[in-house]
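Below: the structure, in structure tokens.
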Number of protein chains: 2
Amino acid sequence: MAATNDAPKPGSDAPTDASDNMPVQGGEIRSLSNFLCFAIYSANLAFGRAYKPVLDPIGLTYTQYIALVALAQEDGQTVGALGEKLFLESNTLTPILKKLESLGFLERRRDPADERQVRMTLTAAGRRLLETDPGVAVAEAAELGDELADLQRAVADLRDKLLRAGRKVA
Amino acid sequence: MAATNDAPKPGSDAPTDASDNMPVQGGEIRSLSNFLCFAIYSANLAFGRAYKPVLDPIGLTYTQYIALVALAQEDGQTVGALGEKLFLESNTLTPILKKLESLGFLERRRDPADERQVRMTLTAAGRRLLETDPGVAVAEAAELGDELADLQRAVADLRDKLLRAGRKVA
DNA sequence: TCCGATTAAATCGGATGCGATGTAAATAGC
DNA sequence: GCTATTTACATCGCATCCGATTTAATCGGA
């Protein structure tokens, strides 16, 4: 029972069925947005579970891994800069970064020129960790094809539209 | 690659340059899967934030709303059945369902024929809530177009591949 | 029939997200 | 210069997620 990954239709791979799950037949739900937000919602959960077998052995959670990947882009990033990349704020990031520091994957240091800011750098151990590139194993296991890039673009566009809409209203 | 899209400087109002977000330049990251999982990850957060202005006034969280929508499909669903739709288990659902019950949006009752199971039904208040169809407002505010259906399908396929991969490994 | 699996929820603890608030450092304005 | 404001993190509390375990009910085989 290892996993939590029960999928619909236990005991079968249900061919590309239209197992859309969710607000579908029944005529109850009207908004297409509901379908899409649920698809994203569950796909995000699915990614977390797909990465788990790869991340568990190296002692990282899914979120910690994402943070490390973003940190690997550039040394000396501040919490705020990282937050812009990840769309997260210090209230969420600070505990995660402290955890990653305690695990020895990164260093946090106040910027001498501006003591308000905390700058972060991956340690050798942190960099080594990413070199195994866990994402590759996941992509292969899931047999993700080439539409990957297009889909990434479409989802990123969607995200940006949603964030723009939010700023308008608020 | 990924981010060349003129994303509108997400987290802030400052006209920061085209913040590409994530594993892009720098040549540090290799796997396309990383781009995609991050896009999904952040799109999910964005959906939650987009729905917030609509859901806050009616006193629901994003997850609670998703659960209600799934519950509206059919009366008398069990926790397990709902969990199959949402890819969640009782450890996550039970607290949420208890909360929704305490808010008066649904009823939970043990099945007399099998006391292990809990069956749920929306109350009139719960049904009324969904009739406002909050998703419509979000879709309009975000100006989501018609690709919506295609994207939903692509993301759902991705999710199913990931879940299948997880079952294989585990 | 009786007892050991199996099953469906629920509970518990750890790790996110996130709004609201706190704190210290830097900046603005006079 | 000196204070009011702003900025960058950090803290706190609540609401998810999720693995592991528990409890209660049902099922199954000898």
Side-chain angles (χ1 to χ4, degrees), chain A residues 1-6 10 41-42 44-53 55-56 59-67 77-84 86-103 108-120 166 170, chain B residues 11-14 41-53 55-56 59-67 77-84 86-103 108-120 166 170:
Chain A
M1 65 148 26
T4 0
N5 43 1
D6 300 302
Y41 171 85
S42 53
N44 183 50
L45 296 183
F47 254 120
R49 290 168 199 183
Y51 270 87
K52 188 158 212 315
L55 294 179
D56 259 357
L60 285 181
T61 67
Y62 182 56
T63 305
Q64 288 165 2
Y65 170 69
I66 287 189
Q77 288 185 85
T78 66
V79 174
L82 183 64
E84 252 183 48
L86 301 183
F87 304 95
L88 294 173
E89 297 176 34
S90 66
N91 53 4
T92 299
L93 285 177
T94 296
I96 296 172
L97 295 171
K98 281 187 171 179
K99 178 70 178 182
L100 288 173
E101 183 184 39
S102 79
L103 292 174
R108 299 184 328 131
R109 192 182 311 132
R110 289 275 166 188
D111 184 336
D114 185 343
E115 292 280 348
R116 291 174 304 179
Q117 300 187 130
V118 171
R119 299 199 171 272
M120 288 156 302
Chain B
S12 75
D13 320 35
Y41 171 84
S42 52
N44 184 49
L45 296 183
F47 254 121
R49 292 169 198 181
Y51 270 86
K52 188 158 212 314
L55 294 179
D56 259 358
L60 284 182
T61 67
Y62 182 56
T63 306
Q64 288 165 2
Y65 170 69
I66 288 189
Q77 288 184 86
T78 65
V79 174
L82 183 65
E84 254 184 46
L86 301 184
F87 303 95
L88 294 174
E89 298 177 32
S90 66
N91 52 4
T92 299
L93 285 176
T94 295
I96 296 171
L97 295 171
K98 280 185 173 178
K99 178 72 178 182
L100 287 174
E101 183 184 36
S102 78
L103 292 174
R108 300 185 325 132
R109 191 182 312 134
R110 289 276 166 186
D111 185 336
D114 185 343
E115 292 280 348
R116 290 173 304 179
Q117 300 185 130
V118 170
R119 298 199 171 272
M120 291 157 300

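In what follows, chains carry the letters A, B, and so on, assigned in the order in which the sequence lines appear, proteins first and then strands, with residues in each chain numbered from 1.
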Problem - Partner nucleotide, any strand, of C/dC3 [Watson-Crick/G-U, under 3.5 Å] - result: D/dG28
Out of [options], which has the shortest distance to the side chain of [X]?
{"X": "A/Gln64", "options": "C/dA10, C/dT16, D/dC17", "value": "C/dT16"}
{"X": "A/Arg110", "options": "C/dA26, D/dT26, D/dA10", "value": "D/dA10"}
{"X": "B/Leu45", "options": "D/dC9, C/dG17, C/dA10", "value": "C/dG17"}
{"X": "A/Lys98", "options": "C/dA10, C/dT16, D/dA10", "value": "D/dA10"}
{"X": "A/Thr92", "options": "C/dC18, D/dA10, C/dA25", "value": "C/dC18"}

For [X] and [N], give me the distance from atom [atom1] to atom [atom2], rounded to whole Å.
{"X": "B/Glu84", "N": "C/dA8", "atom1": "CD", "atom2": "C1'", "value": "13 Å"}
{"X": "B/Asp111", "N": "D/dT26", "atom1": "CG", "atom2": "P", "value": "9 Å"}
{"X": "A/Glu115", "N": "C/dT27", "atom1": "CD", "atom2": "C1'", "value": "16 Å"}
{"X": "A/Leu93", "N": "C/dC18", "atom1": "CG", "atom2": "C1'", "value": "11 Å"}
{"X": "B/Gln77", "N": "C/dA8", "atom1": "CD", "atom2": "P", "value": "15 Å"}
{"X": "B/Leu86", "N": "D/dT16", "atom1": "CG", "atom2": "P", "value": "12 Å"}
{"X": "A/Asp56", "N": "D/dC18", "atom1": "CG", "atom2": "P", "value": "13 Å"}
{"X": "B/Leu97", "N": "C/dA10", "atom1": "CG", "atom2": "P", "value": "8 Å"}

Problem - Parallel, tilted or perpendicular: ring planes of A/Phe47 versus A/Tyr62, cut at 30 and 60 degrees - result: parallel
[X] (side chain) and [N] (base): donor-acceptor pair under 3.5 Å:
{"X": "B/Arg116", "N": "C/dT7", "value": "yes"}
{"X": "A/Ser90", "N": "D/dA10", "value": "yes"}
{"X": "A/Asn91", "N": "C/dG19", "value": "yes"}

Problem - Nearest-0.5 Å distance, CD of residue A/Glu89 to CD of residue A/Glu84 - result: 11.0 Å
Exercise for the section: Quickly, which of A/Leu93, A/Ile66, A/Val79 forms a side chain to side chain contact (heavy atoms under 4.5 Å, CB included) with A/Leu88? Name it, please. Expected result: A/Leu93
Looking only at side-chain N and O atoms, does [X] come under 4.0 Å of OP1 or OP2 in [N]?
{"X": "B/Tyr41", "N": "C/dG17", "answer": "yes"}
{"X": "B/Arg109", "N": "C/dA9", "answer": "no"}
{"X": "B/Thr78", "N": "C/dA8", "answer": "no"}
{"X": "B/Gln117", "N": "D/dA25", "answer": "no"}
{"X": "B/Thr94", "N": "C/dA10", "answer": "yes"}
{"X": "B/Thr63", "N": "D/dC17", "answer": "yes"}
{"X": "B/Arg108", "N": "C/dA10", "answer": "yes"}
{"X": "B/Lys52", "N": "D/dA15", "answer": "no"}

Heavy atoms, side chains only, cut-off 4.5 Å: are [X] and [Y] in contact?
{"X": "B/Arg119", "Y": "B/Arg109", "value": "no"}
{"X": "B/Thr63", "Y": "B/Ile96", "value": "yes"}
{"X": "B/Leu82", "Y": "B/Leu97", "value": "yes"}

Practice task
Taking A/Arg110 for its side chain and A/Arg116 for its backbone only, find out whether a donor-acceptor pair lies under 3.5 Å.
Solution key: yes
Exercise for the section: Report which part of the nucleic acid A/Ala113 touches: base, sugar-phosphate, or nothing (heavy-atom distance under 4.0 Å, all strands). Expected result: sugar-phosphate
Handout entry: Most 5' of A/Asn44 and A/Pro112 on DNA chain C, judged by nearest nucleotide
Key = A/Asn44
